[in-house]
Amino acid sequence: MLTLYTADTPNGQKITIALEELGLPHTLHHVNLSAGEQHQAPFSEMSPNHKIPLLVDDATPIFESGAILIHLADKAGKLLPASGEARSVALQWLFLQVGSIGPMLGQLWYFRHACDTQSVVALERYHRETLRLLGVFEARLRDKPYLAGDEYTIADIASFPWIRSHHELGVTLNDYPAVADWLARIAARPAVQRGLAAAKP
């Protein structure tokens, strides 16, 4: 049995989307981040970093969204090549999301919406880095339908919830038509729509 502890954030949404895409039966527990449930047992005892998402697979907890996506894809045998160069490419784009897209866009969101004191330097830094990363995606998606190439993978699932929040970051996609097209195609997938709905408490 798979049990997902999650919340309606980009990191939480990517796992609910993956579960819907993979068709894996699971149970959902919504974690109230505002109430600090991520710091309370039993969640805090299973997730060393006290962050969502957290997947429990047959009593084995798995934390960190990238690790969860790999685990689920390998378990189902879908959305991630089993070996070779194709797997390596998919993982590279997955880790770009984990290491750059999430942290940079997350910081931009924080300094725009959650910080009591406005920091022009921080806003400029994270806005500029967000645009740079969108440029990386634009260059990739000009001649590839998906980040890993011809096939839709967990790399796309990982980045989609972050990029779709661009309007909250004060960023338009006018200069990134390939990214906008990729975003629209993924948003139209029924499993993606179900996954986004499932993330809501």
Considering all heavy atoms of both residues, which atom of [X] and which atom of [Y] are nearest to each other, and what is their separation?
| X | Y | value |
| --- | --- | --- |
| P61 | A59 | CD-O, 3.4 Å |
| Y152 | L79 | O-CD2, 3.6 Å |
| P53 | L4 | CB-CD1, 4.0 Å |
| A187 | V192 | CA-CG1, 4.4 Å |
| W162 | P10 | CE2-CB, 3.4 Å |
| W93 | A155 | CB-CB, 3.8 Å |

Any sub-3.5 Å donor-acceptor pair from [X]'s side-chain atoms to [Y]'s backbone N or O?
| X | Y | answer |
| --- | --- | --- |
| N32 | A35 | yes |
| R112 | E168 | yes |
| D74 | A82 | no |
| Q38 | F43 | no |

Side chain to side chain, [X] and [Y], heavy atoms closer than 4.5 Å:
| X | Y | answer |
| --- | --- | --- |
| R87 | L91 | yes |
| S165 | W109 | no |
| L183 | H166 | yes |
| Q97 | K14 | yes |
| L55 | L72 | yes |
| H127 | L131 | yes |
| L69 | I15 | yes |
| K75 | L2 | yes |

### Message
Would Q92 and S88 count as a side-chain hydrogen bond (donor to acceptor under 3.5 Å, both in side chains) here? Give the steps.
### Response
CA-CA 6 Å; Q92 289 170 58; S88 175; 3.0 Å; yes
### Message
Just checking D143: does its CG atom have more than 12 heavy atoms from other residues, nucleotides or ligands closer to it than 6.0 angstrom?
### Response
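It does: D143 CG has more than 12 such atoms within range.
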### Task
Inspect the surroundings of CD in E151 and state if more than 12 heavy atoms from other residues, nucleotides or ligands are less than 6.0 Å away.
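Atom CD in E151 is not packed in, count stays at 12 or less.
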Roughly how far apart are [X] [atom1] and [Y] [atom2], rounded to 0.5 Å?
| X | Y | atom1 | atom2 | answer |
| --- | --- | --- | --- | --- |
| S65 | N11 | OG | CG | 4.5 Å |
| I186 | L147 | CD1 | CG | 7.0 Å |
| E20 | I157 | CD | CD1 | 11.0 Å |
| S44 | N49 | OG | CG | 12.0 Å |
| I101 | T130 | CD1 | OG1 | 7.5 Å |
| H71 | I62 | NE2 | CD1 | 3.5 Å |

Do [X] and [Y] belong to the same hydrophobic cluster, where Ile, Leu, Val, Met, Phe, Trp and Tyr are linked whenever their side-chain heavy atoms lie under 4.5 Å apart, directly or via other members?
| X | Y | value |
| --- | --- | --- |
| L22 | V56 | no |
| L196 | I68 | yes |
| L19 | V31 | no |
| V136 | L169 | yes |

#### Entry: Aromatic ring pairing W182/F137, orientation class (parallel under 30°, perpendicular over 60°, tilted between)
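Correct class here is perpendicular.
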#### Entry: For Y5, the option from H50, H26, H29, H30 that meets ring pair (Phe, Tyr, Trp, His ring centres under 6.0 Å)
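It is H29; the other options fail the test.
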### Message
List the residues meeting side-chain contact (heavy atoms from CB on, under 4.5 Å) with A90, not counting sequence neighbours, and say none if there are none.
### Response
L80, P81, A148, T153
### Query
ring pair (Phe, Tyr, Trp, His ring centres under 6.0 Å) with F111: which residues, sequence neighbours excluded?
Y126
### Query
Could you go step by step and tell me if L94 and I70 meet the side chain to side chain contact (heavy atoms under 4.5 Å, CB included) rule?
CA-CA 9 Å; L94 170 65; I70 294 169; 3.8 Å; yes
### Query
Does NZ or CZ of R140 fall inside the cone over Y146's six-membered ring, less than 6.0 Å from its centre and within 45° of the axis?
no
### Query
What do the steps show when you test E37 against L33 for side chain to side chain contact (heavy atoms under 4.5 Å, CB included), and what is the final call?
CA-CA 6 Å; E37 289 181 0; L33 303 179; over 6 Å; no
### Pair E64 + K51, salt bridge at N-O below 4.0 Å
no
### Message
One thing to verify: whether R185 and D156 come together as a salt bridge, which I'm taking to mean a side-chain N less than 4.0 angstrom from a carboxylate O.
### Response
no
### Step-by-step salt bridge (Lys or Arg N to Asp or Glu O under 4.0 Å) determination, R189 to E21
CA-CA 9 Å; R189 295 176 68 92; E21 289 280 13; 2.7 Å; yes
### Task
Walk me through it: do T6 and L28 pass the test side chain to side chain contact (heavy atoms under 4.5 Å, CB included)?
CA-CA 7 Å; T6 193; L28 279 178; 4.0 Å; yes
### Task
Let me see the working for Q13 and R164 under side chain to side chain contact (heavy atoms under 4.5 Å, CB included), right down to the final yes or no.
CA-CA 11 Å; Q13 291 162 357; R164 74 185 285 268; 4.0 Å; yes
